[in-house]
Amino acid sequence: MSQVRVRIAPSPTGEPHVGTAYIALFNYAFAHREGGKFIFRSEDTDRERSTTANEDAILRSLKWLGLQWDEGPDVGGPHAPYRQSERAAIYKTHADALIESGKAYYCFCSAERLAQIRDEQAKNKQAIMYDGFCRGIDPAEARRRVQAGEPRVIRLAVDRSGETCFEDKLRGRIAIRNEGVDDQVLLKSDGFPTYHLASVVDDRLMGVTHVIRAEEWISSTPKHVLLYNAFGWTPPMFVHMPLLRNQDKSKISKRRNPTSLDFYRNEGYLPEAMLNFLALMGYSMPDGREVFPLSEFIAGFSLDRVSTSGPVFDLQKLEWINGEYIRRLDTDELATRICNGFTKRIGVPDEAFKKAVALIRERIRKLSEFDDMTAFMFGGVEDYDPALLIQKKTTKDDTIAMLKDSAELIAGAADFTPAATEAAFRGMAERAGAKPGNLFMVLRIAVTGRKVSTPLFETMELIGQEECGRRISVALGKLAGA
RNA sequence: GCCCCUAUCGUCUAGCCCGGUCCAGGACACCGGAUUCUCAUUCCGGUAACAUGGGUUCAAAUCCCAUUAGGGGUGCCA
């Protein structure tokens with residue numbers, strides 16, 4: 001069998017979409033598992049909406065994820081160009097060939113007329129399709145009108161008898177009666193091809209063996225098969241992946257879910273976690289493992305294990321996986337990643353910063369949480385309600401006494417390592433007949449300004465002996481004024 | 001309306017192809033508990049599903065049919 005060649009063929013008409021990453025991942029895994037090639041092709045035939053900025057963003061996002069392609073608009077390849085807008089002549093030639101062979105015809109119908117017949121068909125509860133009005137025009141006549149410069153498109157002449165079927169690798173044989181297949185527009189009036197023509201021609205010319213794409217394409221696949229037939233080509237294998245869903249099960253959309261890959265990158269999801277999560281959408285490991293790197297996903301990948309029902313994109317599970325990956329990173333690596341866009345405090349991690357990272361590594365699930373969670377370590381303490389200092393079953397005076405003792409202890413401490421401070425404060429609590437936990441909470445509030453923080457004594461060491469003393473004084477001041 | 005796809009815990013899924021080992025397993029989330037200076041991590045435990053109805057069979061989550069539900073398509077968008 002010939003070498004496997006697959007492609008991701010996004011349309012640069014919007015932000016880099018999570019669905020694109022999802023399909024790219026499965027194409028990538030399949031290509032790598034089979035020792036084949038993974039191609040990136042830009043489907044920018046919608047001249048109204050396509051932009052190079054979008055294309056750049058998609059390329060950048062997939063690279064961020066680590067899904068590098070073997071051939072593409074930026075790296076070239078044996079079938080360049082990989083941007084459809086640069087291949088317009090190829091599609092025109094192919095469309096013309098179909099006209100010549102009678103497999104396609106010119107259509108001069110106006111948009112208004114098309115809208116009108118659609119309305120009529122809807123009203124009569126009929127299938128909505130082109131009525132074939134221009135199909136009967138004499139070819140010579142049609143050629144004259146074309147030469148006269150009349151606006152027109154080229155449509156596929158579908159033989160309405162019989163049925164068209166194809167093999168979907170995941171779903172088996174899918175058949176549809178030809179009377180339900182429309183005379184699809186192949187070449188638009190602006191001279192550019194529609195998706196249907198362009199993708200069929202390119203998949204063929206680029207030697208694509210497996211078309212792994214989203215489920216939404218199933219209903220137009222018969223048109224593609226008919227096109228392959230019209231050209232006298234053998235269709236590739238089709239693999240229709242399930243569609244990612246919103247919580248309400250509808251196709252994943254911007255309105256109900258963050259869909260931009262930029263969003264996930266900016267929130268501090270790790271690319272490797274993102275891939276792992278996406279892999280879980282529709283795929284399962286034979287041994288049930290849920291956390292696995294891309295290399296392991298590829299190593300055991302098989303289309304047989306892809307499920308067909310549409311998975312709900314569950315942010316909660318993504319966060320969990322992200323947390324798993326964050327905790328698997330060593331501190332230096334985590335620090336480097338945080339410094340790469342997730343903190344305003346420092347450019348390159350120093351020792352103190354790494355200590356802070358070590359303290360939050362088990363507490364964050366997204367890199368973006370870092371700055372807030374460590375605010376009291378690097379900035380000052382935010383304003384807090386002095387009432388927080390007073391613990392249950394204790395009085396304001398108790399608290400003041402505790403803080404004064406604490407200030408003294410801190411000022412006189414010869415050893416400010418966590419073990420030493422903890423021992424000292426435990427001793428202090430014991431002598432005062434107070435619960436250590438209560439004392440610690442008072443200190444926590446005074447030192448961090450929060451009820452929830454990183455471990456107290458490690459945090460104090462990080463903040464520094466002097467600054468801790470200062471913060472205790474501030475707490476005392478607050479109580480005095482309360 | 002018409003065409004097509006799908007259907008196991010709230011969510012992701014295993015099992016289904018090759019019926020019995022499944023009064024259905026794992027994970028996330030949730031609820032308890034243990035550890036603990038808070039939070040988190042970690043560790044234990046728990047709640048929770050084969051859409052419905054018919055077949056076939058000694059036996060069905062697994063095979064067949066119907067129904068229902070959800071989704072997608074129905075564009076000179078992709």
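Below, chain A is the first sequence line, B the second, and so on; all start at residue 1.
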Is A:K249 near enough to B:U11 that one of its side-chain N or O atoms lies under 4.0 angstrom from OP1 or OP2?
yes

From B:G75, B:G72, B:U38, nucleotide with atom closest to A:E216 side chain
B:G72

Inter-nucleotide C1' distance (B:G15, B:G25), Å rounded:
8 Å

With rounding to the closest Å, how many angstrom separate the C1' atoms on B:C9 and B:A49?
4 Å

Out of B:C12, B:U38, B:C3, whichever nucleotide has its closest atom nearest the side chain of A:S453:
B:U38

In whole angstrom, what separates A:K188's NZ from B:C76's P?
10 Å

Answer with base, sugar-phosphate or nothing: what part of the nucleic acid does A:S189 contact at a heavy-atom distance below 4.0 Å?
base

Pick the closest RNA chain B nucleotide for A:K451 and for A:Y130 by heavy atoms, then say which residue is nearer the 5' end.
A:K451

So what does A:C109 touch, heavy atoms closer than 4.0 Å: a base, only the sugar-phosphate, or nothing?
base

By the Watson-Crick or G-U definition, both distances under 3.5 Å, B:U6 is matched with B:A69

Check step by step if side-chain hydrogen bond (donor to acceptor under 3.5 Å, both in side chains) holds for A:D248 and A:S250.
CA-CA 6 Å; A:D248 66 0; A:S250 57; 2.6 Å; yes

In Watson-Crick or G-U wobble terms, with both distances under 3.5 Å, the base opposite B:G45 is B:C31

Is A:T45 close enough to B:A78 that one of its side-chain N or O atoms is under 4.0 Å from OP1 or OP2 there?
yes

At under 4.0 Å between heavy atoms, what does A:L114 touch on the DNA or RNA strands: base, sugar-phosphate, or nothing?
base

Nearest heavy atom decides the nucleotide; on that basis, is A:G437 or A:R155 closer to the 5' end of RNA chain B?
A:G437

Lys/Arg-Asp/Glu bridge criterion (N-O < 4.0 Å) met for A:K223, A:D182
no

Tell me which nucleotide among B:U13, B:C5, B:A78 gets nearest to the side chain of A:I218.
B:C5

With a non-hydrogen cut-off below 4.0 angstrom, is A:P455 in contact with a base, only sugar-phosphate, or nothing?
base

Of all the choices, B:C37, B:A27, B:A14, which nucleotide is nearest to the side chain of A:R305 once you look at every atom?
B:A14

Report yes if at least one side-chain N or O of A:S284 is closer than 4.0 Å to OP1 or OP2 of B:A14; otherwise report no.
yes

Does B:U6 have OP1 or OP2 sitting under 4.0 Å from an N or O in the side chain of A:R245?
no

Strictly by modelled atom types, are A:R363 and A:T454 linked by a side-chain donor-acceptor pair under 3.5 Å?
no

Please determine, for B:U56, whether a Watson-Crick or G-U wobble partner exists with both distances under 3.5 Å, and give it or none.
none

Which atoms form the tightest heavy-atom contact between A:H240 and A:F238, and what is the distance?
CE1-CB, 3.9 Å

Using the P atom as the reference point in each nucleotide, state the distance between B:A34 and B:G26 in Å, no decimals.
24 Å

Quick one: which of B:C37, B:C4, B:A78 gets closest to the side chain of A:Y195?
B:A78

Just do the salt bridge (charged side-chain N to carboxylate O under 4.0 Å, His left out) check on A:K393 and A:D398 with the steps written out, would you?
CA-CA 10 Å; A:K393 293 180 187 166; A:D398 294 338; over 6 Å; no

Roughly how many Å is it from CD1 in A:I176 to C1' in B:U74, rounded to a whole number?
10 Å

Give the nucleotide from the list B:U38, B:A14, B:A7 with an atom nearest to the side chain of A:R444.
B:U38

Measure the distance from CD on A:E458 to P on B:U38 and round it to the nearest whole Å.
13 Å

Suppose you measure atom P in B:U11 against the same atom in B:C58; what distance do you get, rounded to whole Å?
37 Å

For A:G323, report the nucleic acid contact type (base, sugar-phosphate, nothing); a contact means any heavy atom under 4.0 Å.
nothing

Does B:G75 have its OP1 or OP2 closer than 4.0 Å to a side-chain nitrogen or oxygen of A:R49?
no

Any luck finding a side-chain donor-acceptor pair between A:R213 and A:T221 under 3.5 Å?
yes

Side-chain atoms of A:E324 come closest, of B:C39, B:C76, B:U42, to B:U42

Using atom C1' of each nucleotide, how far apart are B:U35 and B:C39 to the nearest Å?
14 Å

Separation between the P atoms of B:G73 and B:C30, rounded to whole Å
33 Å

How far, in whole Å, is B:A69 from B:U52 if one measures between their P atoms?
15 Å

Could you tell me how far apart A:L186 (CG) and B:C76 (C1') are, to the nearest whole angstrom?
11 Å

Atom-pair distance (OH on A:Y325; P on B:U41), nearest Å:
18 Å

Given B:A7, B:C39, B:A27, identify the nucleotide with an atom nearest to the side chain of A:S309.
B:A7

Evaluate the ring planes of A:Y264 and A:Y269, with Trp represented by its six-membered ring, and classify them as parallel (under 30°), tilted (30 to 60°) or perpendicular (over 60°).
tilted

Indicate whether OP1 or OP2 belonging to B:G75 is found under 4.0 Å from a side-chain N or O atom of A:R118.
yes

Can you name the closest pair of heavy atoms from A:P12 and A:I58 and give their distance?
CA-CD1, 3.9 Å

I want to verify a distance call: between B:C37, B:C12, B:G73, whose nearest atom is closest to the A:K251 side chain?
B:G73

For a quick check of understanding: with a heavy-atom distance under 4.0 Å over all strands, which category does A:V153 fall into, base, sugar-phosphate or nothing?
base

Give a yes/no on whether any side-chain N or O of A:R365 is located under 4.0 angstrom from OP1 or OP2 of B:A29.
yes

Value in whole Å for how far the P atom of B:G73 lies from CD1 of A:I174:
15 Å

Can you tell me how far P in B:G70 sits from the matching atom in B:A78, rounded to whole Å?
30 Å

Without hydrogens or angle criteria, can the side chains of A:D202 and A:Y91 be said to hold a donor-acceptor pair below 3.5 Å?
yes

Give none if B:U38 has no partner; otherwise give the nucleotide forming a Watson-Crick or G-U wobble pair with it, both distances under 3.5 Å.
none

Answer for the Watson-Crick or wobble partner of B:G75, both distances under 3.5 Å, is none

Just compare B:G72, B:C28, B:C5 and give me whichever is closest to any side-chain atom of A:K317.
B:C28

Counterpart base for B:A61, defined by Watson-Crick or G-U wobble contacts under 3.5 Å:
none

